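Note that the structure is predicted; figures quoted are calculated from it, not measured. We name chains A, B, ... by the order of the sequence lines, and we start the count at 1 in each one.
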Amino acid sequence: MSAEHPAKAGPAPSSPSPVAGKATRRRSSGIGVPISRSRFLMIAVAVFVGLGLAWWAATGFEWVKPIFLPSPGSVAAQIAKLATDGTLLLDLQASIYRISIGFLLASALSIPIGVLIGSFRTWEAAIEPLVDFIRYMPVVAFVPLSILWAGTGDTQKFLIIFIGTFFQQVLMVMDNVKRVPADFIGLGRTLGLPDRKILTRIVVPSALPGIWDTLRISLGWAWTWLVLAELVAATSGLGYRITVSQRYFQTNTIIGYILLLGMLGLITDQVMKALEKILFRQEGHSQ
Amino acid sequence: MNAPKLRIAGLHKSFGTGERRTEVLRDINLDLADNEFVSLVGTSGCGKSTLLSIVAGLQDFDAGELSIDGAPILQPGLDRGVVFQSYTLLPWLTARQNIEFALKAAGYDRSACREIALEHLDLVKLSHSADRFPSELSGGMKQRVAIARALSYRPKMLLMDEPFGALDALTRHQMQELLTQIWEEHRLTVLFVTHDVEEAVYLSDRIVVMGIGPGRIMRTFNVGIERPRREEVMETPAFMDLQRDVHKAIREASKRPEMA
Ligand SMILES: Nc1ncnc2c1ncn2[C@@H]1O[C@H](COP(=O)(O)OP(=O)(O)OP(=O)(O)O)[C@@H](O)[C@H]1O
Ligand SMILES: [Mg+2]
């Protein structure tokens with residue numbers, strides 16, 4: 001997304017000294033050259049505004065037919081209408097419920113398993129190749145199977161979200177755990193701590209910022225799998241509304257919902273990032 | 001003569017198996033007397049870190065005898081405090097909590113932990129930073145906390161692998177002075193790995209020069225320089241002569257026998 005790391009962009013370091021004159025002309029572009037935060041935001045906002053204007057112009061001057069691309073106004077009006085008649089709220093409720101359960105189930109299982117296989121080679125040998133194998137199977141191909149197994153209710157949504165995120169999470173958490181410095185474990189051992197305590201008091205806390213990042217990234221994917229599951233077989237939810245709207249050529253609903261999904265993703269991502277800053281604030285930037 | 005604090009006798013160590021097997025340490029014999037400060041020097045790859053981590057109990061060895069106060073070393077333990085080059089302060093704990101972490105592991109009760117931790121932060125002159133997190137400390141400060149931590153639970157000996165290797169020259173000097181001060185006051189058995197010969201001469205009672213291919217002990221120097229030592233001692237002829245001799249010994253020891 002555009003506003004990926006506004007904090008990192010930070011204020012530009014003040015140029016060495018004006019006395020040095022021409023010789024130290026400050027570079028304003030180039031690889032890795034920092035820009036000010038306000039400049040970063042300005043550029044980011046300009047891109048959004050530019051795209052919005054292009055959209056508005058393309059529809060306003062009827063360069064494209066409204067059935068393909070409705071105007072921003074029509075999309076906004078349609079979303080407002082769905083919001084007031086309660087449809088939007090019901091769709092949101094159904095989708096958020098599904099993603100929460102599916103994602104929590106996947107995370108609750110993937111974290112302990114990832115920690116285990118990241119720490120013990122025997123467990124890694126037993127689980128890692130298998131997980132690696134499954135994760136390359138396309139999630140989309142599981143949709144028909146998931147319907148056969150679990151019908152078209154919420155369980156099937158949980159299942160698709162689970163298949164889509166769990167296997168990736170396991171490998172990423174394993175990686176987070178393996179990045180724990182070997183000396184941290186050496187420290188635990190020189191202090192005479194048993195493996196179990198080294199795991200709970202050193203390995204897990206040390207890997208936690210990384211694990212949090214894994215959760216944040218996989219939550220983004222979970223949205224995709226949720227909508228996929230709802231597009232194919234559902235009677236409620238954001239994805240379902242999009243499919244139904246296609247049947248009735250309600251392009252404005254489709255576009256409105258797609259934008260909404262983008263916004264929801266962006267919001268959850270920013271919330272996770274903000275929490276990360278609060279939770280791990282004392283750790284500087286991840287080691 | 002007193003029994004040695006640490007005894008290393010006929011120690012061998014190889015890595016790998018079959019064709020890839022390489023001998024890293026051959027027939028290491030080294031005794032450390034109680035309260036002795038011994039430095040290991042030698043060219044890169046001669047096995048100093050390997051020897052130190054074997055003594056720490058973090059690595060296995062193939063043959064030989066290894067004991068502390070007569071009891072064989074089988075695993076890592078609280079009788080040997082280790083200071084790693086990489087500081088190894090846990091980033092989610094403050095300076096004080098990092099020390100308390102070790103004390104808790106050593107079985108001290110909660111109220112004692114706090115007191116002892118503060119006492120040791122004072123020892124390394126960091127009382128004012130007790131509640132700061134490692135990310136807010138400089139490299140030298142972090143290493144001071146690590147030393148305080150290793151001292152806090154009263155190990156029988158201290159093992160240090162290039163503890164000041166990552167520090168700038170000035171901080172390094174300050175740390176050396178601090179360490180001599182602490183050592184002269186508290187008297188500990190220390191096995192110290194370094195690349196810096198000046199540091200080795202300044203700190204040690206004895207310097208062990210290791211050679212490569214495979215790693216073994218080539219020479220030992222007794223450092224006769226009187227204590228307490230202050231920085232000025234580095235400018236004395238005796239100091240500089242010894243430093244030169246050790247340098248020369250390292251250079252000779254680092255020639256591989258097959259190349260000679
Ligand atoms: N885990 C390992 N597996 C295989 N070989 C190893 C391993 N650890 C160390 N070695 C080898 O053992 C030898 C000694 O390594 P060691 O790290 O003890 O040297 P060192 O004297 O501490 O070197 P330096 O001064 O660079 O720290 C080196 O040749 C190294 O390649
Ligand atoms: Mg080393």
So with a 6.0 Å cut-off around [atom1] of [X], is the heavy-atom count from everything else above 12?
{"X": "Asp109(B)", "atom1": "CG", "value": "yes"}
{"X": "Arg39(A)", "atom1": "CZ", "value": "no"}
{"X": "Glu115(B)", "atom1": "CD", "value": "no"}

**Q.** Note, Leu187(A) side chain near Val82(B) side chain (heavy atom, < 4.5 Å)
**A.** no
Nearest heavy-atom contact between Leu191(A) and Ala102(B) is CD2-CB, 3.7 Å
Chain A heavy atoms under 4.5 Å from [X]: which part of the residue, side chain, backbone, both or neither?
{"X": "Arg149(B)", "answer": "side chain"}
{"X": "Leu89(B)", "answer": "backbone"}
{"X": "Tyr87(B)", "answer": "neither"}

Whatever's closer than 4.5 Å to a heavy atom in chain B on Ile202(A) counts as both
So side-chain hydrogen bond (donor to acceptor under 3.5 Å, both in side chains) across residues 180-197 of chain A, not counting sequence neighbours, yields Asp183(A)-Ser86(B)
In this structure, CZ of Arg132(B) is separated from CD of Gln282(A) (nearest 0.5 Å) by 14.5 Å
Checked Leu90(B), Thr94(B), Leu159(B) vs chain A; the most non-hydrogen pairs under 4.5 Å come from Leu90(B)
Pair count under 4.5 Å, heavy atoms only, with chain A: among Phe84(B), Trp92(B), Phe133(B), highest is Trp92(B)
